[in-house]
Amino acid sequence: DAKTTQPNSMESNEEEPVHLPCNHSTISGTDYIHWYRQLPSQGPEYVIHGLTSNVNNRMASLAIAEDRKSSTLILHRATLRDAAVYYCILRDRGNKLVFGAGTILRVKS
Amino acid sequence: EAEVAQSPRYKITEKSQAVAFWCDPISGHATLYWYRQILGQGPELLVQFQDESVVDDSQLPKDRFSAERLKGVDSTLKIQPAELGDSAMYLCASSLSGANSPLHFGNGTRLTVT
């Protein structure tokens with residue numbers, strides 16, 4: 001399974017944008033980039049995924065580098081409810097979702 | 001919005017005892033997953049079902065763990081005998097078939113082995 005590298009933790013101020021980076025230099029051509037987040041005492045929650053083009057949904061935006069070796073999850077206006085562990089995952093055709101340690105996002109009011 | 005149901009929410013058991021967890025996936029979701037999450041780590045896949053068939057159990061400790069999904073709907077994960085190192089959160093997830101269908105997770109069963 002191709003691996004991702006994320007910072008252990010990040011901090012943001014409420015109402016400000018947050019850019020969560022992810023490096024995946026060994027990504028293969030068929031790997032999709034998925035993001036999940038896990039709020040305290042809950043199971044992980046799907047956020048967004050993409051292959052090559054940037055993607056937007058109601059929760060976040062995903063910016064993918066042209067060489068696909070890195071990506072950034074963008075929360076446009078962080079709220080206290082966005083404090084969670086954010087996981088960047090490469091998902092292959094086998095459907096398998098392999099989680100790393102993720103990035104702990106802290107949001108300050 | 002439909003949810004993945006898991007029970008019990010918490011379970012405390014003594015080592016060497018048997019323990020079982022139950023999962024009811026979202027209706028229509030053919031793929032079901034069991035994950036284990038140790039405190040401070042990301043979830044680790046234990047077993048994946050496609051309908052009633054196991055498609056990946058490479059990380060399942062088969063000497064003590066078993067999983068079944070007899071009618072291709074709900075699923076049970078069993079540990080016998082439980083060991084202290086099995087203390088963790090056990091998460092169930094389901095998804096539609098398809099390489100990039102999002103996984104929907106339940107809120108898990110927190111197991112403590114004493």
Side-chain angles (χ1 to χ4, degrees), chain A residues 1-9 20 22 24 27-53 55 57-60 62 64 71 73 84-105, chain B residues 1-7 9-10 21 23-26 29-51 53-60 77 88-111:
Chain A
D1 301 309
K3 294 200 170 187
T4 63
T5 304
Q6 299 178 252
N8 291 333
S9 64
L20 296 161
C22 181
H24 28 78
I27 190 170
S28 74
T30 55
D31 284 337
Y32 279 73
I33 302 159
H34 286 246
W35 283 82
Y36 282 73
R37 72 179 185 181
Q38 188 170 21
L39 280 65
S41 302
Q42 295 186 23
E45 173 188 31
Y46 168 79
V47 177
I48 200 167
H49 77 275
L51 182 63
T52 56
S53 303
V55 185
N57 66 20
R58 63 176 180 82
M59 290 182 70
L62 176 59
I64 301 172
S71 60
L73 180 71
V85 180
Y86 286 78
Y87 298 99
C88 170
I89 304 165
L90 300 183
R91 194 173 184 192
D92 63 16
R93 288 175 174 169
N95 245 4
K96 205 168 175 177
L97 212 62
V98 179
F99 288 81
T103 296
I104 299 170
L105 175 65
Chain B
E1 186 176 312
E3 295 182 346
V4 174
Q6 289 189 249
S7 67
R9 186 78 173 92
Y10 302 94
F21 315 125
C23 171
D24 190 12
I26 293 173
H29 282 193
T31 311
L32 185 145
Y33 312 78
W34 282 101
Y35 281 83
R36 175 173 61 186
Q37 186 171 27
I38 295 169
L39 197 62
Q41 299 181 17
E44 171 196 22
L45 179 67
L46 292 176
V47 62
Q48 176 181 340
F49 289 91
Q50 181 66 30
D51 299 309
S53 300
V54 172
V55 296
D56 187 343
D57 62 357
S58 56
Q59 300 302 310
L60 188 71
L77 179 69
M89 177 74 80
Y90 290 84
L91 293 159
C92 178
S94 69
S95 72
L96 296 168
S97 298
N100 286 294
S101 297
L103 272 65
H104 298 259
F105 283 83
N107 285 327
T109 295
R110 169 71 67 187
L111 173 67

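Per chain, numbering begins at 1; letters A, B, ... match sequence-line order. None of the values given here were measured: they were computed from a predicted structure.
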Item to check | OG-CZ distance between B:Ser101 and A:Arg91, expressed to the nearest 0.5 angstrom | outcome: 7.0 Å
Item to check | Interatomic spacing from CG in B:Asn107 to CD in A:Gln42 - rounded to 0.5 Å | outcome: 5.5 Å
Next on the checklist: Run the side-chain contact (heavy atoms from CB on, under 4.5 Å) test on A:His34 and B:Leu103 for me, step by step, so that the C-alpha distance in whole Å, both residues' side-chain angles and the decisive distance to 0.1 Å come before the verdict.
Outcome noted: CA-CA 11 Å; A:His34 286 246; B:Leu103 272 65; over 6 Å; no
Checklist outcome for this item: Whatever's closer than 4.5 Å to a heavy atom in chain A on B:Gln37 counts as side chain
Checklist entry - Quick one: are the ring centres of A:Tyr46 and B:Phe105 less than 6.0 Å apart? => result no
Item to check | Within-4.5 Å side-chain heavy-atom neighbours: B:Tyr35 and A:Leu97 | outcome: yes
Checklist entry - So do the side chains of A:Glu45 and B:His104 get within less than 4.5 Å of each other, counting heavy atoms only? => result no
Next on the checklist: Under a 4.5 Å cutoff for heavy-atom pairs, which residue among B:Pro43, B:Gly40, B:Gly108, B:Gly42 has the most contacts with chain A?
Outcome noted: B:Pro43
Next on the checklist: Looking at chain B, which one of A:Pro44, A:Ser41, A:Ala101, A:Gly100 has the largest number of heavy-atom pairs inside 4.5 Å, strictly under?
Outcome noted: A:Pro44
